[in-house]
There are 2 protein chains.
Amino acid sequence: MVEGIRVTGVVDAVAEALRAAAIGGELEPERAVTEAWVASRFAVARPSAKAAIEKLVAEGVLERTAHRSARVRRLDADAVRDVYRTRRRIESAAIRELAAERRRPDAAAEADAEIATHLGGSSVDIVDPDLRFHSAIVDALGSERTSRAYRSLTEEVRQCMAQVQGRGLISVDTILAEHERILELIADGDGEAAAAVLAEHLGRAEERLAAAVSTP
Amino acid sequence: MVEGIRVTGVVDAVAEALRAAAIGGELEPERAVTEAWVASRFAVARPSAKAAIEKLVAEGVLERTAHRSARVRRLDADAVRDVYRTRRRIESAAIRELAAERRRPDAAAEADAEIATHLGGSSVDIVDPDLRFHSAIVDALGSERTSRAYRSLTEEVRQCMAQVQGRGLISVDTILAEHERILELIADGDGEAAAAVLAEHLGRAEERLAAAVSTP
DNA sequence: GGCTCCAGATTGTTAGACAAGTATACCGAG
DNA sequence: CTCGGTATACTTGTCTAACAATCTGGAGCC
């Protein structure tokens, strides 16, 4: 197999590399990802390549029908809307709960600090800290299952971002201002208002991204 | 392999049979589920058994650490609380959205009709229609991702019910009354009140189940 | 030109083998 | 008798090789 540390096993290493290639945009959504290609590309046996592909299919990164090659999944406008609406449902619930206890998640504030260092820069650079901000809010609940559900959504967002190559993003200033407003309202215990700001925040991103994915 | 229609393939068939055995209680949580055992039990090759096991591990039905046999996962009180709190987050959001449009889900009312036929009977018989009621509310959103997240939770509830063998259930009358009240409030457009009834409804079930799983 | 059928390609499944890792039983030392 | 280290058995992880099932695309025929 390809060099590198083996923390878990060959299959997981290949799956990780494949996922990185998929969301990094190195694998076009049209190209077929055959088991044989993966096996030779990473110098592993075909069963291992098969297992890695199936893992990514289960995650939703790849899609496949029986006896057909797998492909990188292409997200359309409907998928983007579904992702963002599901995000909003989970995250509003999290915000309401945190506000009820006036519990401001520190990790979210730290993510905001990193966003602030990119003020005036490109919006592409803040995709990562932005997702960290939102994940921090959900993770603050300490709920394994809620966090897992939300994580799969952020993975899809990341993949979507790679697909649109930075088109349709919101300005850094606006994002940061709304984030800070949300944290303030949580600290004030006004969950309803915080949820409203979040809904608008995600709603705008949803519209921009949905438009971006449908105009290639 | 064992007889039966092969709609998808050997691996899926074995995974389905294994899942049924796990949530049906035929596999005690203590017993080790080895690849060799699964392979001989269903007359398939070991790689196929391995794939089926890994699928169930990904679903959360089984658990496994590296180089150790898989086991049916035992849900403790913390797990039950996590499941129910996550359910509440998703379902409250769904109820609020439906109430905002005064959209009463027909499928939920139908599930209630079936529950009504068991009035005075055992609570075990209504586990299925009860979960159908709650799933119908979420599915009414028409969101693939939200429904998928919720489905994995109901599967865990089902597994939990098999584990406690009917102990710690709520009376059929109470469940039915609260269901109808929720549907009424949705039709009235009072999402806040409907969500409050739901929170109490799930909260009580959470406490009962959490107590039941910790007293074997 | 449209339909049928065949060949190539790809996945699905199986068999057997060996390596690697973990847990447990056993045995010796204190 | 207890404690600790070793050795063995069991299980999983991965590979090679092969064949069956199925889908795709194009050649040939009507």
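Lettering follows sequence order; numbering is per chain, from 1.
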Enquirer: Over how many whole Å does the gap from A:Arg71 atom CZ to D:dC23 atom P extend?
Expert: 15 Å

Enquirer: Using 30° and 60° as the class boundaries, would you call the ring planes of B:His179 and B:Phe133 parallel, tilted or perpendicular?
Expert: parallel

Enquirer: Can you check whether B:Ser69 has a side-chain N or O nearer than 4.0 Å to OP1 or OP2 of D:dC10?
Expert: no

Enquirer: Heavy atoms only: give me the nearest A:Ala194-A:Ile95 pair and the separation to one decimal.
Expert: CB-CG2, 3.5 Å

Enquirer: Identify, between A:Pro47 and A:Ala70, the residue whose nearest nucleotide on DNA chain C lies closer to the 5' end.
Expert: A:Ala70

Enquirer: Given C:dT13, D:dC15, D:dC23, identify the nucleotide with an atom nearest to the side chain of A:Arg68.
Expert: D:dC23

Enquirer: Would you say a side-chain N or O of A:Arg64 is under 4.0 Å from OP1 or OP2 of C:dG12?
Expert: yes

Enquirer: Rounded to whole Å, how long is the line connecting atom CZ of A:Phe42 with atom P of D:dT14?
Expert: 15 Å

Enquirer: Suppose we call a contact any N or O donor and acceptor under 3.5 Å apart; does that hold for the side chain of B:Arg46 and the base of C:dG16?
Expert: no

Enquirer: Could you tell me whether the phosphate oxygens of C:dT11, OP1 or OP2, come under 4.0 Å of any side-chain nitrogen or oxygen in A:Lys50?
Expert: no

Enquirer: What are the two closest non-hydrogen atoms of A:Met161 and A:Leu169, and how far apart are they?
Expert: SD-CD2, 3.7 Å

Enquirer: Without decimals, in angstroms, what is the distance between A:Lys55 NZ and D:dG13 C1'?
Expert: 14 Å

Enquirer: Whole angstroms only, please: what is the CD-P distance between A:Glu35 and D:dC15?
Expert: 14 Å

Enquirer: Is a salt bridge present between B:Arg73 and B:Glu156, judged by a nitrogen-to-oxygen distance below 4.0 Å?
Expert: yes

Enquirer: Tell me which nucleotide among C:dT11, D:dT24, D:dG13 gets nearest to the side chain of B:Glu54.
Expert: D:dG13

Enquirer: Mapping B:His67 and A:Ala45 to their closest nucleotides on DNA chain D, which lands nearer the 5' end?
Expert: B:His67

Enquirer: Taking 4.0 Å as the cut-off, does a side-chain nitrogen or oxygen of B:Ser48 come that near to OP1 or OP2 on C:dG12?
Expert: no

